[in-house]
Protein chains: 2
Amino acid sequence: MQPPAPSPLRGVPSPLRATIADVAREAGVHASTVSRALNPATRGMVTEAVAQRVTEVADRLGWRPSAVAAGLRTRKSRTIGILVPDLINPIFPPILHAVETVLATQGYVTLVANTDNDAARESLLIERMATHLVDGLILASAAAGTDALSLCARFGIPAVLINRRMPEGAGCAAVSAVTNDDIHGIGLAVDHLVALGHRRIAHLAGPQGVSTARDRRTGFLDRMRHHGLEPAEITTAAAYTREAGRAAMAALLQGPAGTGPSGNEPGCTAVAVANDMLCLGVYDAMEAAGRRVAADISVTGFNDMPFVDRIHPALTTIRIQHDAMGRQAACILLAEMAEPGLARQSIRLVPELVVRASTAPPAKAP
Amino acid sequence: MQPPAPSPLRGVPSPLRATIADVAREAGVHASTVSRALNPATRGMVTEAVAQRVTEVADRLGWRPSAVAAGLRTRKSRTIGILVPDLINPIFPPILHAVETVLATQGYVTLVANTDNDAARESLLIERMATHLVDGLILASAAAGTDALSLCARFGIPAVLINRRMPEGAGCAAVSAVTNDDIHGIGLAVDHLVALGHRRIAHLAGPQGVSTARDRRTGFLDRMRHHGLEPAEITTAAAYTREAGRAAMAALLQGPAGTGPSGNEPGCTAVAVANDMLCLGVYDAMEAAGRRVAADISVTGFNDMPFVDRIHPALTTIRIQHDAMGRQAACILLAEMAEPGLARQSIRLVPELVVRASTAPPAKAP
DNA sequence: TTGTAGGCGTTATCAA
DNA sequence: TTGATAACGCCTACAA
């Protein structure tokens, strides 16, 4: 009969919000009628007059639906989770933004969580999201050997991989994925360097646990072979971070013993790096070693993440379709949520080369 | 009697997970005993032998707690929400990371949502999070004139503001906040420019809806007055984005009619910009106009966001304490969740000047 | 220490 | 079209 206390003491477990029962009492109808009137999907089952009155009362009492109570019955939350390995990497926010934009049009809200590249944390987050009844999951974090997909299967949560895919024939349940054509992308970098005249080209790879890293490495080797070249060297960074990039490049600059002209020179005139984040560290290492990017050693990145057009020298890199990637993933997820039996699909987006100032013809041998 | 179907068809609303009742039946005890045995907080109320057996059965059946059902009773979720205005701005991820790290130690999981600087979306997200029973909220997005705080109060959700604070005496409920000393920070930039010999200094301000923008503007004016200088010009960018920065700087480069030596010169030799994101646009505009950063016009930023040490010329800026900001906010939130009556606190962190290459003495008049 | 019963707020299935 | 009733899965007085 009373509206809920107007300003409940914070933290006191009193009835904070009006419930359907409150509205029913006040409007003089049964709770189930209120439920029907207030739920857009069932509003048609109720006389317009009743619907109006109920709505009016609900507004007056400040009623809000309890997603928890509704979820307990319906197992739905109109919420989608996104797992990201590392929000600090600027390529993810634009992708997230695209995902959110699409999902918002369908009334879904998006919750992002950071796995920090930690498989245990990833599992915890998936469990937690499952328990909060997310209707679907977008995984930008899943690495091979992770429980992510089996957890999704166990909880019956539709999931779409993004940016990374599971190893072919890994025996795990089929999932849809939206990825880059990483093999093609790194090939563009190699072609560009070769066209500039480089022959001794190194690859600075990322941690091989994820498909992007493996594909870029494979693609590098393939394309070098295509040009009849031996890879000068392949180093693997410990993580996709600036610091790991610096460390890996520092090692590479030492050069394999006896390869360089003076025996202690880097064995390459160009490096195709596995991603832009690593490139920042590569620049750091080169600066520390007194080498000039482009003039001494050409560098290519991957991702065209925001801001790399303004670093110095501006980075030549492979642009991926951030926006399309997010949009496609969201669309596939929506489709699979609507129709769970739908065939899984794997979309591979085509990247393009963006030439800037970090690449140049090799310096003449002294 | 049966464990739940081992591999339930996805999307079919069958009993996906074992419930406490299933475990009880299988273990030959009552459901409430199972509840007590499985809840760490009440496990002591049960014989160790029973606890063991119950746990074992629960594991075997793959039981998972349903946060939804539990939340419906307890109104708790051990989940914290974070609202961010724009994930694409690289200053937020490091702050989020610090928040997550602290909260994770207490067993809380963190869910991030993007408001996109949209008040309506912000309200929707808060409602949605409330309805998902987040135990607390960290708001990096709240602008003046927003419903955020009243929504939190209505739902009884403890909240802490971060990076921004509410206007003093705005009549809104008191909230704790962790911010920068923006007034001091921009003062450091002015001092630095004045020390270099600049007298005609402009300010490129951010949208005045948020406290950071207002404080930096105020601080700029104060400090100029302190030095006995008139501000050369104050332009306000339409948003905290690179593009808005470019547009604002382009306008500023036109110069107020007749101010420059030739009547169409910019009326300043230096610009103190309200944040680093805008600076990227400032660089763009200067490049387009054929002006050199530092050599022609000095530029200072604010935030020391990741990567600005590698743009060209490296940005002189004001470093804020990302990490401390996140940590402090998380700690305050934890304290206020534990003890709702706690006095609100406002922490202001002290920023520092980082001198790089985007500032230099003013060019001699031709 | 364990069992009993009732309820958290909503929706779904009946019957009227 | 509306009302009655029973879940959804868990927690918690209270009683035994």
Side-chain angles (χ1 to χ4, degrees), chain A residues 4 12-54 58 61-78 127 130-133 155-156, chain B residues 4 12-54 58 61-78 127 130-133 155-156:
Chain A
V12 173
S14 63
L16 285 173
R17 293 149 33 175
T19 74
I20 273 192
D22 296 325
V23 177
R25 211 178 308 123
E26 190 78 1
V29 291
H30 194 268
S32 34
T33 305
V34 173
S35 171
R36 290 187 270 252
L38 258 22
N39 184 331
T42 51
R43 183 163 177 143
M45 309 168 96
V46 150
T47 327
E48 185 51 26
V50 174
Q52 292 239 345
R53 184 153 43 93
V54 167
L61 299 192
W63 175 84
R64 306 282 150 167
S66 160
V68 169
L72 189 55
R73 284 264 350 174
T74 61
R75 309 179 154 287
K76 299 248 161 309
S77 67
R78 300 208 62 80
E127 290 224 8
T131 219
H132 281 287
L133 296 175
F155 297 139
Chain B
V12 173
S14 63
L16 284 174
R17 293 148 33 176
T19 75
I20 271 190
D22 296 325
V23 177
R25 211 177 307 122
E26 190 77 2
V29 291
H30 193 270
S32 45
T33 305
V34 173
S35 172
R36 289 187 270 253
L38 258 21
N39 184 330
T42 51
R43 182 160 178 148
M45 308 168 98
V46 150
T47 325
E48 185 50 28
V50 174
Q52 292 240 344
R53 182 152 45 93
V54 167
L61 300 191
W63 175 84
R64 305 283 150 167
S66 159
V68 169
L72 190 56
R73 287 241 11 153
T74 62
R75 309 180 151 289
K76 299 253 161 302
S77 66
R78 299 208 63 80
E127 291 225 10
T131 218
H132 281 286
L133 296 176
F155 298 139

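Note that the coordinates shown come from a computational prediction; the quantities given were computed from them, not determined experimentally. Proteins come first, then strands; the chains are lettered A, B, ... in the order of their sequence lines, and each starts at number 1. Just the heavy atoms: all of them, side chains too, but no hydrogens, waters or symmetry mates, feed the values below.
Taking only distance into account, the side chain of B/Arg75 never meets the base of C/dG9 through a donor-acceptor pair shorter than 3.5 Å. Scanning atom types as modelled, no donor and acceptor separated by under 3.5 angstrom connect the side chain of A/Arg73 and the base of D/dC8.
Per the geometry, CG belonging to A/Leu133 stands 15 Å off P belonging to C/dT10, to the nearest Å. Between B/Ile20 atom CD1 and D/dC11 atom P the separation is 5 Å, expressed in whole Å. Protein atom CG of A/Asp22 is 8 Å distant from nucleotide atom P of C/dG9, rounded to whole Å. With rounding to whole Å, A/Arg53 atom CZ is found 9 Å from D/dT2 atom P. Going from atom CZ of A/Arg43 over to atom P of C/dT11 covers 14 Å, rounded to whole Å. Rounded to whole angstrom, the span from the CG atom of B/Asn39 across to the P atom of D/dA13 amounts to 13 Å. Rounded to whole Å, atom P of D/dA15 lies 15 Å from atom CE of B/Met45. Atom NZ of B/Lys76 is separated from atom C1' of C/dC8 by 14 Å (rounded to the nearest Å).
In terms of heavy atoms, A/Arg17 sits closest to B/Ala130 at NH1-O, 4.0 Å. In terms of heavy atoms, A/Leu61 sits closest to A/Glu26 at CD1-CB, 4.3 Å. Taking every heavy atom of both residues into account, B/Gln52 and B/Arg43 meet most closely at N-NH2, 3.9 Å. When every heavy atom of A/Phe155 is checked against every heavy atom of B/Arg64, the shortest pair comes out as CE2-CG, 3.8 Å. When all heavy atoms of A/Ala51 and A/Ala37 are compared, the closest pair comes out as CA-CB, 4.0 Å. When every heavy atom of A/Trp63 is checked against every heavy atom of A/Thr19, the shortest pair comes out as CD1-C, 3.5 Å.
At least one donor-acceptor pair closer than 3.5 Å links the side chain of B/Thr131 to the backbone N or O of A/Pro65.
Using a 4.0 Å heavy-atom distance criterion, B/Ser66 is classed as a sugar-phosphate-only contact. Within the 4.0 angstrom heavy-atom criterion, no nucleotide atom of any strand lies near A/Val68.
Applying the 4.0 Å criterion to OP1 and OP2 of C/dT2, one finds that B/His30 has every side-chain N and O outside that range. Neither OP1 nor OP2 of D/dC10 sits under 4.0 Å from any side-chain N or O of B/Ser35. The phosphate of C/dG3 (OP1 or OP2) has a side-chain N or O of B/Thr33 nearer than 4.0 angstrom. A/Thr47 has a side-chain polar atom (N or O) that falls below the 4.0 Å cut-off from OP1 or OP2 of D/dT2.
Comparing the end axes of the helix from C/dT1-D/dA16 to C/dA16-D/dT1, each fitted to five base pairs by superposing C1' atoms of four pairs onto the next four, gives an inter-axis angle of 40° (nearest 10 degrees).
Nearest nucleotide to the side chain of B/Leu72, out of C/dT2, D/dG3, D/dG9: D/dG9. With D/dG3, C/dA5, C/dT10 as the choices, the nucleotide that has an atom nearest any side-chain atom of B/Ser32 turns out to be C/dA5. The side chain of B/Thr19 approaches D/dG9 more closely than any other nucleotide in the set D/dG9, C/dT2, C/dT11. In the set D/dT12, D/dG9, C/dT10, D/dG9 carries the atom at the smallest distance from any side-chain atom of B/Ala69.
The residue from A/Val54, A/Val46, A/Val23 that alone fulfils the side chain to side chain contact (heavy atoms under 4.5 Å, CB included) condition with A/Val29 is A/Val54.
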